Structures are given as C-alpha cells and as structure tokens.
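Please read the structure below before turning to the comments.
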Amino acid sequence: MKGLAFSKRNDLEILRDPLNLGFGVGFPVVLLLLLTVIQRNIPVALFEIERLAPGIAVFGLSFMTLFSATLIAKDRGSSFLQRLYATPLTAGDFILGYLLPILPVSMAQSVICYGVAVLLGLKVTVHIVTAVLFTLPAALLFVSLGLLCGSIFTDKQVGGICGALLTNLTAWLSGIWFDLGLVGGAFQRSANLLPFVHAVEMERAVLQGDYAGVFPHIWWVAGWAAAVTAIAVFAFLRQMKRQ
Amino acid sequence: MDAIKTVDLTKKYRDLTAVDALNLTVRQGELLSLLGVNGAGKTTTIKMLTGLTKPTSGDAFLNGKSILTDSAAVKAMIAVSPQETAVAPNLTVRENLELMAGVHGFNKDEAKDKVTELCGRFDLGEVANKKAGKLSGGWQRRLSIAMALVSGPQILFLDEPTLGLDVLARGELWDMIRSLKGKLTVILTTHYMEEAEALSDRVAIMKSGRLLLTGTPAQIKRLAGTDKFDEAFVRIVKEGQT
C-alpha cells in the first residue's frame with residue numbers, strides 16, 4: 001500500500017509531462033511514418049514494416065531511460081526524496097516504486113507503435129501481442145538504466161546522457177537504421193556485445209512467429225537487464241545512504 | 001518525558017567534525033529554533049535526528065525511542081519539511097497530500113478525511129486541484145508543511161521554512177507555524193533572526209558543531225547585553241560565549 005502510493009505518484013509525474021508524451025510516443029511514431037514513406041519511394045528491405053516496427057518499438061524504449069532518470073534526478077535535486085526518506089517507506093519501496101510504474105508505460109508505448117505499424121500495413125497476427133510482451137526484458141533494461149543514471153547524475157546531466165547519448169547509442173548499435181554487417185569489424189563485434197541489437201532481433205523473430213529465433217538474443221537482453229538492474233539498485237542505495 | 005534528548009551526539013566526516021558531542025533537550029510541545037552560521041552543524045543534527053544519516057557516536061532519543069536502535073518507531077513519529085520546496089510538481093495539491101497519506105499507510109477513507117482536514121486548516125481548499133508546480137513559492141511552502149503534517153507527527157522538523165519568501169508570504173507562514181505551537185514539538189532552523197525571535201519558545205545556538213547555549217530569546221538578549229536579538233546572536237557566535 002505504501003509503495004503503491006509512491007508508484008502511483010511516479011506514474012502521474014511521468015504521464016503528465018507533455019515533453020515525455022511528445023518524445024515517448026510522438027517521436028517513434030513520426031520515425032515510423034517517415035521511414036515508411038521513404039521505403040515506399042526507395043524500397044529498402046530494412047525499412048519494410050515487418051522489420052522496421054520491431055526496431056522502432058525497441059528504440060522507443062530508450063526514452064524510458066530518460067523519463068525514469070529525469071524523475072529520479074529531479075526528486076533528488078529538489079529534496080523530495082529527503083522528505084520521503086524520513087517516512088516509513090523502505091529502500092525496496094523506493095526501488096520498485098521507480099522501476100515498476102514505467103513498465104506499463106513502456107508496454108503502452110509498444111502497443112501504440114505496433115498499432116501505428118498496423119495502420120501502415122503490418123499484418124495483424126497474434127504475434128503482435130507476443131512481440132509487445134517480449135519488449136519487457138528490454139523495457140526493464142532501459143528503466144533500470146534510468147534508475148542508475150538518475151541515482152548518479154543531476155537532472156541537467158541526465159538530459160545530455162540519457163536524452164542524447166543513450167538514444168544515439170541505441171539507434172546506431174541496434175541495426176535498426178542499417179545492417180551492422182555493412183560496417184562489420186570491431187563496430188559489429190561491439191554492437192553484438194551490447195543488448196540493443198539483440199533486443200531488436202528478438203522482436204523481429206517474435207513478430208515473424210519464429211520463436212526459435214528468439215535465442216540466443218533473449219539471453220543477451222535478459223543478462224544485460226539483470227546486470228544493469230543490480231548495478232542500479234546498488235547505485236540507488238548508495239546515494240540513499242549519502243543523502 | 002522530553003520530546004528530544006541527545007546524548008553526546010557526534011558526526012564526523014573524515015577530518016571534519018560536523019557535530020561535536022551535542023547534548024540538547026527539547027520539551028514536548030516546545031518550538032525550538034536551531035541557529036548558527038553556515039557549517040554550524042544544524043542540518044547534520046537534523047539529518048541525524050530524522051534518520052537520514054547515522055551518528056558517528058552518541059545517541060538521541062525521540063519520545064524515548066533511540067535513533068540507533070528504534071529508527072522505525074522514530075520515523076513513525078516525525079515529519080520533515082525540507083529546506084527546498086519538496087513537492088511533486090505535476091501532482092495537484094490534493095494529490096500531494098494523498099501521496100503522503102498513502103506512504104504512511106492510510107486507507108482511502110482515512111486519507112480523504114485527512115486531506116480535507118488539512119485543506120481546511122491551512123486554507124489550501126482554493127488551490128486543492130491546482131498542480132503544485134504552478135503555485136507561488138509561498139503556497140508551495142504552505143503545502144510542503146501541510147504534507148509534513150499528514151501523518152500526525154509528534155515532532156516536526158522545519159528546515160528554513162521561509163527561505164526566499166516575500167514578507168507577506170513569510171508572515172502568512174509564521175501564522176501557520178504559530179498555529180502548531182503546543183500541539184506538537186517543532187524544531188526549526190532558520191537564518192532569519194526575527195523569525196527565530198518571533199516564533200521560538202527557546203533557541204539553541206550552534207557553532208562549529210558545538211552547542212554554545214540554549215535559552216529563550218529574552219534570556220539570550222539579556223546574556224549578550226543587548227535588546228536586539230540579531231546583535232545578541234552575532235555577539236554570542238563571535239565570542240563563542242557559553
């Protein structure tokens with residue numbers, strides 16, 4: 001009950017911020033529309049809606065890091081957390097309160113993304129529902145990255161690091177915009193060590209109903225999500241102790 | 001029983017002793033102002049008393065409960081209104097109050113009753129449905145204190161409650177703080193001497209982590225040989241008089 005009140009507050013703070021809605025929903029939808037138009041004029045296999053929609057769904061999740069990190073960094077900066085630390089809320093309430101409410105927001109964003117993709121010609125199948133569910137490990141990864149960044153950086157730093165750096169990393173290293181094999185070498189090897197391309201490939205496989213194709217990508221995403229969540233919890237507890 | 005009793009309460013950060021063997025007693029229902037120049041140890045003292053930081057040595061008892069061994073009981077009886085305005089900006093005034101009720105474990109009906117009571121008591125009704133972030137500084141501080149009172153605390157810590165407010169907003173907030181006197185124990189930190197003089201039952205002056213003296217504003221002026229409280233404070237701090 002106590003943690004629920006805190007979670008509800010975090011949800012409201014995020015959903016009532018017009019910038020969040022603009023970036024979180026509007027930007028991925030605009031990209032989807034734009035790249036679909038480009039694909040129609042200059043056909044590129046990568047931008048076919050069946051391959052593009054999963055990529056944009058994962059890319060859109062990178063904004064969850066920005067939302068989460070901004071909220072936490074602002075709470076720290078405004079002494080809001082100091083107030084709440086003096087209440088009976090436990091460390092677990094804080095961590096779950098910051099992590100859990102953003103997961104449904106992530107799911108809603110994926111639903112919107114695939115919904116727009118359907119309007120743009122994506123065939124309606126049950127695999128869309130599964131694809132939305134399979135965004136969860138990646139969503140946890142991005143939300144935990146938000147907890148980590150929000151626990152370390154100020155709200156101004158978060159804007160640059162999560163808003164610019166992370167979204168670009170996700171975009172460049174995920175194979176959404178170009179085939180990583182075209183660059184090859186160290187670039188591709190580095191990308192394959194990170195979770196972004198695996199999250200996209202996993203989504204693409206699920207959307208095609210190729211559930212065997214989920215492996216080994218899901219291990220990469222789940223592994224990164226578990227590791228980042230553990231580090232984020234450590235960083236949050238550390239800043240909590242410092243405050 | 002004393003509301004607060006500190007016993008050789010000490011906080012050290014490497015080479016710096018922020019609070020040095022503080023022995024302070026606050027009576028129940030009393031409003032005590034904690035005064036001192038920057039670095040005197042006021043904020044660290046409040047952080048220790050509210051469980052935000054652990055003392056290096058010593059202990060403090062709030063209504064008999066140790067901050068070291070009974071922190072959950074201590075947290076259940078205190079509330080803090082931090083120095084900076086600590087409200088959720090995208091939540092309405094009502095939602096901010098409901099949030100505090102929720103984190104203290106109130107059920108829906110209890111929360112509703114408490115919020116209605118506080119809105120009436122502190123004239124927050126007219127702004128109850130406005131987002132907190134859109135309120136003026138004075139209204140935000142008013143909300144901030146009301147949020148601290150949701151849990152019905154026995155001890156309230158007000159850290160620089162009127163910092164940065166204009167004279168009218170400050171006067172209104174003083175009335176709000178005066179209305180709390182006698183009903184709960186209040187520890188106030190402020191840099192405004194006239195505020196401490198106007199509101200306090202007693203004042204405690206700290207310097208370099210040590211308690212210089214405690215007394216009523218009148219006693220402190222008499223001790224310093226002046227009828228102006230701000231002059232008395234300056235003399236006492238400069239001379240380190242005890």
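Letters go in sequence order (proteins before strands), and every chain restarts at 1. If you're wondering where the values come from, they're calculated on a predicted model, not measured in any experiment. Quick note: numbers below take in every heavy atom, side chains included, and nothing from hydrogens, waters or symmetry partners.
- Only the side chain of B:Lys131 comes within contact range of chain A, judged by heavy atoms closer than 4.5 Å.
- Side-chain polar atoms of A:Arg83 and B:Ser144 form a donor-acceptor pair below 3.5 angstrom.
- Counting non-hydrogen atoms of neighbouring residues, nucleotides and ligands closer than 6.0 angstrom, the NZ atom of B:Lys181 exceeds 12 such neighbours.
- The greatest number of non-hydrogen atom pairs below 4.5 Å with chain A, out of B:Gly105, B:Pro82, B:Gly133, is found for B:Pro82.
- Contacts between B:Phe157 and chain A at a heavy-atom distance below 4.5 Å are absent for every atom of the residue.
- A:Phe6 does not carry A:Lys2 over the face of its six-membered ring by the limits of under 6.0 Å from the centre and within 45° of the normal.
- Proximity to chain A (any heavy atom under 4.5 Å) is shown, for B:Ala148, by both the backbone and the side chain.
- Using modelled atom types, one finds no donor on one side chain facing an acceptor on the other under 3.5 Å when comparing B:Asn90 with A:Asp17.
- In this structure, B:Asp2 does not pair ionically with B:Lys5, as no charged nitrogen and carboxylate oxygen lie closer than 4.0 Å.
- With a threshold of 4.5 angstrom between heavy atoms, B:Pro89 approaches chain A through its backbone and through its side chain.
- Contacts of A:Leu84 with chain B are made by side-chain atoms alone, with heavy-atom separations under 4.5 Å and no backbone atom involved.
- In this structure, A:Tyr85 has its ring center closer than 6.0 angstrom to the ring center of A:Phe94.
- When each of A:Ala5, A:Ala86, A:Pro88 is scored by its heavy-atom pairs under 4.5 Å with chain B, the top score falls to A:Ala86.
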Go through it in stages, so that I can follow the logic: the residues are A:Gln239 and A:Ser151, the test is side chain to side chain donor-acceptor pair (under 3.5 Å), and I'd like the CA-CA distance, side-chain angles, deciding distance and then a yes or no.
CA-CA 6 Å; A:Gln239 70 79 32; A:Ser151 302; 5.1 Å; no
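- Highest contact tally toward chain B, considering only A:Arg16, A:Arg9, A:Lys8, is held by A:Arg16 [criterion: heavy-atom pairs under 4.5 Å].
- Residue contact with chain A, scored on non-hydrogen atoms closer than 4.5 Å, involves the side chain of B:Met100 exclusively.
- Side chains of B:Lys11 and B:Thr53: a donor on one and an acceptor on the other come within 3.5 Å.
- Contact count against chain A (heavy-atom pairs under 4.5 Å) is highest for B:Val87 among B:Asp159, B:Val87, B:Thr50.
- Looking at B:Ala88, both its backbone and its side chain come within 4.5 Å of chain A, counting heavy atoms on both sides.
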